[in-house]
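Encoded as structure tokens, the structure appears first; notes follow it.
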Amino acid sequence: MTLKMLSFLSAVAFAIVHVFAQCESWETVGPIPGFNGQVTAVAQWDPDGAGPMSSTAVIGGEFSVVSGASALRVAVLRNNQWEPLGDGFDGPVRCFADIGGTLYAGGDFTHSGSTEMHGIAMWNGSAWQPVGAGLSGGPVRAITSLDGRVIAAGSFDSSGVVPIARVAAWNGTAWDQLGDGLNQHVRGLAVYHGELYACGDFSASLYHLIYRVARFDGVAWQPMGQGADRVVYSMVVWQDRLYFGGAFEHIDGLPYGFLASWNGSAWQGHIPTSSSGLDIRCLAVWNGQLVGAGTAVEYGNVSTGRWTGSGWSRLGPRKPQANYIWSEFNSMASAGSLLLVGATMYCPILGYELRFGVWGWDSARWTMVGTHGGFDRPVTTLATFDNRACVGGRFAYVGSEPLSFVVIKDGESWREVAVDYGGEPLAMVGYSGGLAITGELLNPEGTYFAPVMCTDGFTVTNWCGGYLDGGNRGVAIGIVHGIPLAAGGQYLFLDNRPRTGVFYRGGASAVVEYLGATMLGGNFTVNFTQSGPRILRQDPVLGWVPFPDAEVLFVKAFLAEGASLYAVGAFRFQGSDQGQAVAVWNGSSWRPVGSGLLGSANAIVRYDGDLYVAGSFPGVGGAYGLARFNGNTWVPVPGAPLDIASMTVADDRLAIGGAFVSVDGRPSAYFAQWQRVRVPTVESQPLTSSARRGGVATFETVISGSPPLTFQWLQNGVAIADGPRPGGSVAEGATTPWLTLYGVDDTDVGEYSCRVENSCGEVVSEVAMLTVSDAICAADFNQDGGVDGADVSDFFVAWEVGGALADVNQDGGVDGADVSAFFIAWENGGC
């Protein structure tokens, strides 16, 4: 075969496609954020003392899982994520102490992994180790050091077989009772002016009556005046005074409660006693300020605050997260720029549902520290607004961010839509006016009703749309005649037919406009008793009338596309006793879609030209939760979870929400996105071209495929770069669909093709040949393949400067004869 023939076959070869990546992929959001139990201890820890390592936060408590990962009662903050520290413990951790870089933990535990240790442990850099026989009979609640000894206090009564009354000192080989001990729980220890102080519930030592606060004189525990009349929880040194916080209402017999300070010899009360039942649970020093947490800070409201010397200044809102309120504080610690609080929150709207975690205050806002992932509760509904996914549900956090009820996805982050009144959104829909929401929403009086709220994506702008009355919540919403229309779940209405007086009740779950009429789907009853039609149509004269649905068991969602009305739920078709998940109305009857999809379904959308249905279907190897109809057959979407409640299409992705916690074998808490990436396809191939030496050559290709697309032009299979080329020509657009070569010469002769790729694969266009000669097509002066006004302009630019290219008649000179020759060729539209 000749070289000429090889060149010809190369030029007419088909484009080559290479697939080199997963073309259909899941984007997950990570595990459920937060903790599965209380955080009762927060501390700052410097692992190497005065060494070069930076300090970090360590937490303990009753939890065993943090953001989906196992962490048995203790975790350390690394790279802004909580990680388990060793094998953890088999019981709650109540306190920590960093003594010269050695971390001590105290609590109720008896083992770390298989190693026995009672109540107190030390970290040796790789594992938890026992400290002697430990301390038993009750939890260790406080640890500190004095004169080189480790001091522990709490509710314990022994170390091995040695009796110890609530306070113990480590002598290097064993635990000894410190002084004469104390008779009940010790909750805090502090060293002030070189002396050891204790606080708690106790009322006596062996030798003295001592009420809730005590000073150790090196031999025995001593009272501090008359002490406190109720429990003292916390102590901290600030501005050369020792501050005490608790539930007491009198200190040293004075009517001052909740906060008091000691100067070494006398008491000072700071809050006059005005009511009972208040307390300060935690005290800490942060950024040079005395901060506290408890009900006394807000005089009746659980919150956090800064002590100004004469009163409390609140740290941020009483509700650190919309609709969730501080419930209990267990520990506070300063961690660099953050104030860390181990606490519990509750949501009255959700029946006092609790949230456990560590919150950080940075002088501007509260965030949940070190917890990443997805939503902390199931997603109820999804919608698309401004091509962005909108998510609704009873969640309180998305990752570490305190976001609740309705959020919008902005790129890789989420932001909350302000909702005037709390409650759970049950259905949403995007439309030209914004995003419409309905659900279990509260009016200003705190009672449930079912309005339609609209938002512009940032704030609720107005109550909008219509509501089909009769229930205390809206469960479905659709756009009818351009206006959001919601339906109630316990809905009741009359069909306006006097002869029958039929009432349809309950079960509305879908609203849609179809061929100008309002359609309702659900699971209705007639006259409160018998089973009714599952699909209703609003007639302008007759009111609500049954729509043919003899084969429909229940409807969960509609999709109207022109003359076609799709419904998902559960259906039976004539001649079959098998339940179908999706049906389509063809103008006269309901029919299966394709060969049918067995099972039941909750949601339907069209994405990338195909129908997607979410539900529970018996597929190959078991049930699958998401199926795709490609126009011919139903196929499962690999890796899809069950329990999908809602779907939408936004940002060229299919978004799903529901009660699932993993997708495709990866953690994804209640939300995920599916994307079909289309391999690039050449729609228009580059064309063979010829150019005069020193002229211009251009190549163009048109490509379809999922963005982002990257382009690379090749000469003889070698990538071209923009800028000067070896023979003196200049390339422009080497990484775009359009390549231009200026001042071409013999080195530019060859085969040109364009390679295009995305994350799914690549395609290489057909080859286009470039030839270069001295001949010129006079009419196509700029050699761009067309004869137009641009050729006239380019000719006169060259002619005015006497350029060689303007010598159209090739007589060796540039003069008026060349102008005549050019226009003769140009007017004829050829060469």
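Asn36 and Ser64 form a side-chain donor-acceptor contact under 3.5 Å, judged by distance and modelled atom types alone. In the model, Thr648 has a side-chain atom that pairs as donor or acceptor with a side-chain atom of Thr384 under 3.5 Å. In summary, the side chains of Ser704 and Glu683 do present a donor paired with an acceptor at a separation below 3.5 Å, with no hydrogens or angles considered. In this structure, a donor-acceptor pair under 3.5 Å is absent between the side chains of Ser413 and Arg415.
Centroid-to-centroid, the aromatic rings of Trp634 and Phe617 stay 6.0 Å apart or farther. Close placement of the Phe395 and Phe375 rings is indicated, their centers lying within 6.0 Å of each other. Here Trp359 and Trp366 keep their ring centres 6.0 angstrom or further from each other.
Closest approach of Ala581 to Ala601, counting heavy atoms only: O-CB, 3.7 Å. The shortest heavy-atom contact between Phe671 and Ser668 is O-OG, 2.5 Å. Taking all atoms of both residues into account, the shortest heavy-atom contact from Phe629 to Asp610 is O-CB, 3.3 Å. Closest approach of Tyr624 and Leu597 over heavy atoms only: OH-CD1, 3.8 Å.
Note that OG1 of Thr344 is 11.0 Å distant from CZ of Phe35, once rounded to the nearest 0.5 Å. Distance check, rounded to the nearest 0.5 Å: CZ of Arg606 to CG of Leu654 gives 13.0 Å. Once rounded to the nearest 0.5 Å, the distance linking CD of Glu412 with CD of Glu27 reads 7.0 Å. Annotation: the span from Leu485 atom CG to Ile479 atom CD1 amounts to 9.0 Å, rounded to 0.5 Å. Considering CD of Gln673 and NZ of Lys409, their distance stands at 4.5 Å, rounded to 0.5 Å. In this structure, the separation between CG on Asn523 and CZ on Phe554 is 8.0 Å, given to the nearest 0.5 Å.
At a threshold of 4.5 Å between non-hydrogen side-chain atoms, the residues Met519 and Val480 do not count as touching. The closest side-chain heavy-atom distance from Ile703 to Leu709 is below 4.5 Å. Between Thr380 and Arg394, every side-chain heavy-atom pair lies at or beyond the 4.5 Å cut-off. A heavy-atom distance below 4.5 Å is not found between the side chains of Val649 and Trp674. In this structure the side chain of Pro378 never reaches within 4.5 angstrom of the side chain of Phe660, judged on heavy atoms. Looking at Gln675 and Asp652, their side chains come closer than 4.5 Å, going by heavy atoms from C-beta outward.
When Tyr514, Phe558, Phe547 are each tested for a ring pair (Phe, Tyr, Trp, His ring centres under 6.0 Å) with Trp585, only one passes: Phe547. Among the candidates Thr367, Thr371, Val39, the single residue satisfying the side chain to side chain contact (heavy atoms under 4.5 Å, CB included) test with Val358 is Val39.
Side-chain N or O atoms of Asp539 include one that pairs as donor or acceptor with a backbone N or O of Val541 at under 3.5 Å. Within the 3.5 Å criterion, the main-chain N or O of Pro708 finds no donor-acceptor partner in the side chain of Asn758. Between the side chain of Asn602 and the backbone N or O of Ile644, at least one donor-acceptor pair lies under 3.5 Å.
Salt-bridge annotation for Asp608 and Arg678: present, with a side-chain N of the basic residue lying under 4.0 Å from a carboxylate O of the acidic one. Ion pair Asp651/Arg388 not flagged as a salt bridge, since none of the NZ, NE, NH1 or NH2 atoms sits closer than 4.0 Å to an Asp/Glu carboxylate oxygen.
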